[in-house]
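Worksheet: one structure, shown below.
Letters A, B, ... are given to chains in the order of the sequence lines, protein chains preceding strands, and every chain is numbered from 1. Everything quoted here is computed from the prediction, not taken from an experiment.
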Number of protein chains: 2
Amino acid sequence: MSNRKECCRSLSQWLAPDTFKALAEPSRAALLIHMAGNDGPHTVSSLATHLPVDMSVVSRHLRVLREVGVIKAEKHGKEVRLHLDCGDLIRMLRNLADALESCCPPDVCSVKETS
Amino acid sequence: MSNRKECCRSLSQWLAPDTFKALAEPSRAALLIHMAGNDGPHTVSSLATHLPVDMSVVSRHLRVLREVGVIKAEKHGKEVRLHLDCGDLIRMLRNLADALESCCPPDVCSVKETS
DNA sequence: TGCATGCATGCACTAGTATGCAAATGTAAG
DNA sequence: CTTACATTTGCATACTAGTGCATGCATGCA
């Protein structure tokens, strides 16, 4: 079925290892959750106070998140202000969900109700 | 705003590190994509022929995918038949997307159109 | 110009993980 | 019971990634 092959291409397109790897780290997830739940402005040091790790570690985590495009950074004087920018991520998640849904035969991969 | 706090809880609920870690590995992603694009039955050895790694490695990858619930396995004689079961994954992806969307202020985190 | 602040980076260390090979387990067939 | 086949597991190795400390770099201020 060409539909299967079509969805297969979609899957490889949206199943982005780098993004998932970025989200898979507990500290990075905590950073995202904190930024989502608290209004900014967020800086590297302010974020570091909420995590039990060194600021340099937070800096590196933020870099990873920036590289996959989940957060954006802009310099304001000597501090860096960070904010979520999860539009692409949201689109990616939904596209991946759609691709999976059109791939998986419903009898095998039950989307509705608890299987 | 209590809406922000509410979505924050949703985020921590759906931002499951284990699942993302499972999906972040290229070989595991390739396994999922192959299983999605080709009808079964899939066995450990048949899947191993499509990857440049040892069968034992494939076996371990499949174990990880089973542990996060994206594939199911059932023994048929001496072989193990595997199939996708991504209903939970699809729900998780959509819930996470919804949580992110309700978290991110639209002016900061543009969901519609390319920002 | 000198100093303090915020952040990034180099380095060493550690923990976790992927990999391949060989051996063990389980299961069906002779 | 022995053999053959599919899969899993033990073990050793290589590689990747997270961490903390010290240092470097940029910026603002006195």
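- Side-chain atoms of A/R28 and base atoms of D/dG18 include no donor and acceptor less than 3.5 Å apart.
- B/L32 places a side-chain heavy atom less than 4.5 Å from the side chain of B/L23.
- On a pure distance criterion of 3.5 Å, no polar donor-acceptor pair joins the side chain of B/S45 and the base of D/dC5.
- When A/T43, A/V44, A/L65 are each tested for a side-chain contact (heavy atoms from CB on, under 4.5 Å) with A/L82, only one passes: A/V44.
- Nearest to the side chain of A/R66, among D/dT9, C/dA8, C/dT9, sits C/dA8.
- Residue pairs that meet the salt bridge (charged side-chain N to carboxylate O under 4.0 Å, His left out) test with at least one member in residues 44-68 of chain B, sequence neighbours left out, are B/R63-B/E67.
- Take the nearest nucleotide of DNA chain D for B/R60 and for B/H42: the residue whose nucleotide is more 5' is B/H42.
- You'll find the side chain of A/R94 reaches within 4.5 Å of the side chain of B/E101, heavy atoms only.
- Within 4.0 Å (heavy atoms only), A/P26 reaches no atom of the nucleic acid at all.
- A residue-by-residue look at B/V64 and B/S56 shows that B/V64 has its nearest nucleotide of DNA chain C further toward the 5' end.
- Put simply, CD on B/E67 is 11 Å from P on C/dT17, counting in whole angstrom units.
- With a cut-off of 3.5 Å on both Watson-Crick or G-U wobble distances, the partner of D/dC29 is given as C/dG2.
- Among C/dA8, D/dT8, D/dT9, the nucleotide with an atom closest to any side-chain atom of B/R63 is D/dT9.
- Distance from the side chain of B/V44 is smallest for D/dT8 among the nucleotides C/dG20, D/dT8, D/dA26.
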